[in-house]
Amino acid sequence: MSGPTKTMAALTGAALVLTTTYTVALGSSGWLWFGLVVLVVATIGMAAADSSIPAAPPRRRPPGRPGTTQP
């Protein structure tokens with residue numbers, strides 16, 4: 001996972017904790033849970049897109065014979 005995907009996952013986890021705390025303390029709010037579900041789906045989509053990016057091709061060596069240095 002890349003940096004932005006890890007950040008999104010951490011924010012989603014924090015939103016889950018805050019939404020659960022709010023629900024326990026003040027009662028359930030459907031809009032909060034709906035927003036959390038949207039955030040979870042977006043995070044899953046981001047992680048799926050991040051994992052489908054192929055790795056960069058290997059770098060080509062400069063021309064020349066192996067074991068020799070170029071000036």
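What you are looking at is a predicted structure, and each value in this text was computed from that prediction instead of being measured.
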Residues at least two apart in sequence or cross-chain that pass side chain to side chain contact (heavy atoms under 4.5 Å, CB included) with Ala15, listed by chain then number, are Leu36, Leu39
Taking every heavy atom of Ala42 against every heavy atom of Met8, the minimum-distance pair comes out as CB-CE, 3.9 Å
For Phe34, the rest of its hydrophobic cluster, which grows through side-chain links under 4.5 angstrom:
Trp31, Val38
Test side-chain hydrogen bond (donor to acceptor under 3.5 Å, both in side chains) applied to Thr23 - qualifying residues, sequence neighbours left out
Trp33
All pairs passing side-chain hydrogen bond (donor to acceptor under 3.5 Å, both in side chains) where residues 9-21 contributes a residue, at least two apart:
Thr12-Thr43
Provide the full list of ring-ring contact (aromatic ring centres under 6.0 Å, His included) pairs with a residue in residues 2-27, sequence neighbours left out, each pair given once.
none
Path from Val37 to Ile44 over hydrophobic side-chain contacts below 4.5 Å
no
